[in-house]
Amino acid sequence: MRLMLRGGTVVTDAQAVAAEVLVEDERVTGVVAPGSAVAEAFASSADRIVEASGRYVLPGGIDVHTHMEMPFGGAFSADTFETGTRAAAWGGTTTLVDFAIQSRGEPLRQGLDRWFAKAEGHCAIDYGFHMIVSDVNDDSLVEMDGLVEEGVTSFKLFMAYPGVFYSTDGDILRAMQRAAGNGALIQMHAENGIAIDQLVAQALARGEIAPRFHGSTRPSILEGEATHRAIELARVAGAPLYIVHLSAAEALTRVVEARDRHQSVFAETCPQYLFLSDADLAREGFEGAKFVCSPPLRPAAHQEALWQGLATDDLAVVATDHCPFCFKEQKELGRDDFSKIPNGLPGVEHRVDLLHQGVVEGRIGLTRWVELIATAPARMFGMYPKKGTVAPGSDADLVVYDPRRQQTLSAATHHMAVDYSCYEGRTITGGVDTVLVRGQVVIDQGRYTGHAGDGRFIRRGLCQYLA
Ligand code: URP
Ligand code: ZN
Ligand code: ZN
């Protein structure tokens, strides 16, 4: 199959340039000047030409933080790998990295195999796994080495959720020491869960049961404190560290301090922390439950700090933390007690578009947009240059993006298997026209043309910022 994307502006993390993209089977084989002899010859024998004039041609988006079919507080997140990866494709994401979970008392292998069983044969786009380590012990530490060899090269630990995912500082230190030896990247959910549990119990005792108390019991100071502690533990262990879903200015300050002394500390934020706030969590009645996630949505003032962090690269990646729970049947579990509301928001479909608003509003440049949504995640998690760029030899994961289209986000039109949108009624600028996954057109001018099972498992390498 020979396919050409003609007339577009190819945008990578390095440049935006008028060029034709030549695809043969699963790979990009050329990025050539418009009108060149190579372009003309290819066009005359191509099986298909996708017109891209007036539009950008981007590397497919890479979302390195999703939770499909994740068990949480008596519910499972509503997107399966089939529905969630299809929704991702609609939004211009062609690879995701989901979190496999080790339950307490089981080997890592058992948890990882459970996630392979959920994903294999069901994904519309390529996928990899990080591993959540809920039980740090001698055996799971040894198992980490084997998983790294298999392409599962990053491990998430939690300073929150005591009794479920929580690890002590000692456990965290041991996992980091192991990572320092085997090259893995430790990802941290940095909130002080022990203190938070006290604040939650005190709030409930006062009769504070509404969704907004989810926010007030998880103050940003405790995210800053945990981030600092994680950074210091990583410093002692001599291991790199990646802070997931950073939401608070206090936490960013700690990351900046570490980076300024050249410690290998990286951080990701998510669209919800850039576009939503604690005012959404405080919406009338039980509406705020739609916005319950951890860390919680912060006062809007934090958003400026986060945009600044994106501009300076102290925040290196934007991922979604997609973890959708239906409002009607699942968020409902916490109607009389905010602490029982399943934590998580839908978002996998809208990350590329929402970050494009940063370009439209002049907060980030075009190439930085592409770096944040595709190139940096590929490098951070060992997939570059197979993924994350448009270059000869790379996988033909490509997006034709119309920067002028207006679209209004709504649960009535999105493709995620969840009954609400956090951005209901919001009109945004830009939209995906065509999406290719390894050379196969999966979104074709408003039609899904892919299949469950098109996506392949990606054996990832080590973090490429640590060379
Ligand atoms: O609220 C959230 N973020 N749910 C997903 C689990 C996690 O901590 O990432
Ligand atoms: Zn987390
Ligand atoms: Zn998450």
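Indexing begins at 1, ligand by ligand and atom by atom, following the structure's order.
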Exercise. Rounded to 10 degrees, what angle sits at the Zn ion (ligand 2) between Lys156 NZ and His189 ND1?
Worked result: 130°
For this session: Give the atoms of ligand 1, by number and element, whose distance to some non-hydrogen atom of Lys156 is under 4.0 Å.
Result: 7 (C), 8 (O), 9 (O)
For this session: Write out the residue and atom name of the closest protein heavy atom to atom 8 (O) of ligand 1, then the distance separating them to 0.1 Å.
Result: His189 ND1, 3.0 Å
Problem set entry | Shortest protein heavy-atom distance from atom 1 (O) of ligand 1, along with the residue and atom involved | Ser294 N, 2.8 Å
For this session: For the pair His67 and Phe99, name the ring-plane relationship: parallel under 30°, tilted 30 to 60°, perpendicular over 60°.
Result: parallel
Exercise. Would you say Ser220 and His302 make side-chain contact, with heavy atoms under 4.5 Å?
Worked result: yes
Exercise. Among all protein non-hydrogen atoms, which one is nearest to atom 4 (N) of ligand 1, and what is the separation to 0.1 Å?
Worked result: Asn343 O, 3.1 Å
Exercise. Any idea which heavy atoms bring Leu345 and Lys290 closest together, and the distance?
Worked result: CD2-O, 3.1 Å
Problem set entry | Note, His414 side chain near Tyr423 side chain (heavy atom, < 4.5 Å) | no
Exercise. Within Cys323, is some N, O or S atom less than 2.8 Å away from the Zn ion (ligand 3)?
Worked result: no
For this session: Mark up the atoms of ligand 1 that fall under 4.0 Å of a heavy atom belonging to Cys293, in ascending order.
Result: 1 (O)
For this session: Indicate, with yes or no, if the rings of Tyr161 and Phe72 have centres closer together than 6.0 Å.
Result: yes
Problem set entry | Aromatic ring proximity, centroids under 6.0 angstrom, Phe381 and His130 | yes
For this session: Would you please classify the geometry between the His65 ring and the His245 ring as parallel, tilted or perpendicular, with 30° and 60° separating the classes?
Result: tilted
For this session: Rounded to the nearest 10 degrees, what's the angle NE2 of His65 makes with OD1 of Asp321 at the Zn ion (ligand 3)? Could you check?
Result: 90°
Exercise. Taking the inter-plane angle between the rings of Phe129 and Phe81 on a 0 to 90° scale, is it parallel (under 30°), tilted (30 to 60°) or perpendicular (over 60°)?
Worked result: perpendicular
Problem set entry | Proximal atoms of ligand 1 relative to Asp321 (non-hydrogen, under 4.0 Å) | 2 (C), 3 (N), 5 (C), 9 (O)
Seminar exercise, completed: Quick note on ligand 1: atoms under 4.0 Å from a heavy atom of His67 include exactly 5 (C), 6 (C), 7 (C), 9 (O)
For this session: Look at ligand 1 and say whether Phe158 reaches it with a heavy atom at a distance under 4.0 Å.
Result: yes
